[in-house]
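Report on the following structure.
Each chain gets a letter, A, B and so on, in the order its sequence line appears, and its residues count up from 1.
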Amino acid sequence: MSNAARKLAEILPAFVLFALLLVLWQLAVSVFGIREYLLPSPTTVVNAMFSGHINWWGHIWATGLAIFGAFLIAAVAGIALGVVIAWSPMASRALMPFLVFVNTLPKVAVAPLFLLWLGYGILPNMLIGALIGFFPVVINTAVGLMQIDDDMLDLGRVFNAPKWKVFAKIRIPNAYPYILSALKVTATAAVVGAIVGEFVASQRGLGYVIITSQSSMNTPLAFGALVWISVLGLVLYGAVAALSRVLAPWAEGQER
Amino acid sequence: MPRIIIQLDRVGMIYQTGSGPVEALNDITLDVAEGEFVSLVGPSGCGKSTLLRVAAGLRPMTSGSIIVDGTPVTRPIPKVGMVFQAAVLLKWRSILDNVLLPAELAGLNAGAYCDRARDLLKLVGLAGFENKRPGELSGGMQQRVALCRALLLDPPLLLMDEPFGALDAMTRDDMNLELLRVWGEATGSAGRKTILFVTHSIPEAVFLSDRVVVMSPRPGRIADVVDINLPRPRSVETRATAEFGQHSLRIYDTLTGRKAGAAGVPLQALS
Ligand SMILES: Nc1ncnc2c1ncn2[C@@H]1O[C@H](COP(=O)(O)OP(=O)(O)O)[C@@H](O)[C@H]1O
Ligand SMILES: [Mg+2]
């Protein structure tokens, strides 16, 4: 079997199931005459997704920016904190209890506070997403930096290599698979955070569309926004996956 | 009489562990001459790896003293080549970059060592693999790369910790010959590296070494030192000589506590 054919065979079952469910959904809605405000049919949803009645691009842009910003902040802050924790046992002892505490907070409940402090806009939504997403990055970065073969470290010790060099040349590349798999989790968390922020208070974004369509019983609009959100999530996830293939091709299939 | 390069004097090592102290080495006294090939054999856990690392200054010993090349060892000594049982190649680097790693870690200009790295790879039959990744190479090839890496800075001292232990018997025999060749067996002792070689294969130790140090179970002490005066360069035929068998038996007897000349040596112990 050729490579392309094998790939196709791999995704075909999921694709067929998906198509089947769509067809069933469409049929069910028309056969049972389900009301649109309860469950719109797929075609109605697609129509809503491209309807000119609302400024979709503006909302997609606002939410996309919040998601991307949340992801970037979580990634940068998470990796930096992970490096600090692995670098210094003292910093690790100081930071870890605090980080664990922050992670146990229900971040959704903190969202209103962020809005109170930062006002309306994209920034608080970004920060909520970052807050939800950064913890796995910290932990995975620190673990990836520290879970290393003692023999490998001896390579550095033999040459009295400075600590920063051992980090730059051995520990950090060794942590790539760990970091990249955490970033995939973070990509999803960033979406959740951004939408939660928009739910709490906002005048733009796909989360806002869902909230307002709910009050006007415009369910097709809510479904449309939902699909757009998952499109944004998939794009980010795909970008991270592509990045990891470029950055760490040797780590394919061994991520933890 | 050649110069003594490694001088271990009543070296002791005790690890402090969660479940109490573990004595890994006890009263190890050993001199190794420049250019000498010395093997350490002993049961697993008797402290062979510890001894290598202590000698290289990678772990602080608990008692005794070590002098390498006239200098007491208190921290990692520069220009030691290390080879471990696992090749521990950096899988994100190309083969060539793996070989160049010591130059980078030692703060030297890696570019200046490129030609030497290529020559070393050629020497061990890996020309053309420079741009491959470790994952694309077999275990034996990876171990060859590790050997090149250890040789890059031309260290006077090579410390090898069961470097061929994970290879199949045939590849291991090949690697033994290769190591002797790289060591410069045929060219005589002048300018040869000093090698401390850990193995738990008796035939491998006898085949390679000038001297075999036999260690007792934990805490590791020196139970016997066997001079191997088989002629060099050694070859496949060396393994078939009577002396080879005698040396192997003597080591086997020391390791197992069997009375010399008694019956019942399992064949695989000596092959
Ligand atoms: N880092 C360590 N911490 C505690 N105990 C250790 C450590 N390294 C080795 N040991 C113990 O010291 C003894 C000797 O180990 P090692 O030198 O690895 O033996 P060998 O290489 O001969 O198998 C073993 O009992 C081992 O459990
Ligand atoms: Mg060992």
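By the 6.0 Å contact criterion, CZ on A/F68 is open, its count of non-hydrogen atoms from other residues, nucleotides or ligands being 12 or less. Residue-environment remark: CZ (A/F199) exceeds the threshold of 12 foreign heavy atoms within 6.0 Å. Within a 6.0 Å sphere centred on NZ of A/K165, heavy atoms belonging to other residues, nucleotides or ligands number more than 12.
Within the 4.5 Å cutoff, the side chain of B/P76 has no heavy atoms near those of the A/V158 side chain. The side-chain heavy atoms of A/K169 and B/D97, taken from C-beta on, include no pair separated by under 4.5 Å. Contact of the B/L90 side chain with the A/M152 side chain is registered, since non-hydrogen atoms from C-beta on lie closer than 4.5 Å. In this structure, the side chains of B/L153 and A/F159 come closer than 4.5 Å at one or more pairs of heavy atoms. Between A/R157 and B/M82, every side-chain heavy-atom pair lies at or beyond the 4.5 Å cut-off.
Summarising the geometry, atom CZ belonging to B/R133 is positioned 9.0 Å from atom CH2 belonging to A/W250; distances are rounded to the nearest 0.5 Å. Atoms CH2 and CD1, on B/W92 and A/I170 in that order, are 7.0 Å from each other to the nearest 0.5 Å.
Using a 4.5 Å cut-off between heavy atoms, B/A56 makes no contact with chain A at all. Contacts between A/D149 and chain B at a heavy-atom distance below 4.5 Å involve the side chain alone, from C-beta outward. With a 4.5 Å cut-off on non-hydrogen atoms, B/L159 does not touch chain A at all. If you measure heavy-atom distances from B/E104 to chain A, the contacts under 4.5 Å come from both the backbone and the side chain.
Contact between A/L155 and B/L101 at its shortest, heavy atoms only, is CD1-CD2, 4.1 Å. The two residues B/L105 and A/G156 have their closest heavy-atom pair at CD1-CA, 3.9 Å.
Salt bridge status for B/R53 with A/D150: absent, with no side-chain N to carboxylate O gap under 4.0 Å.
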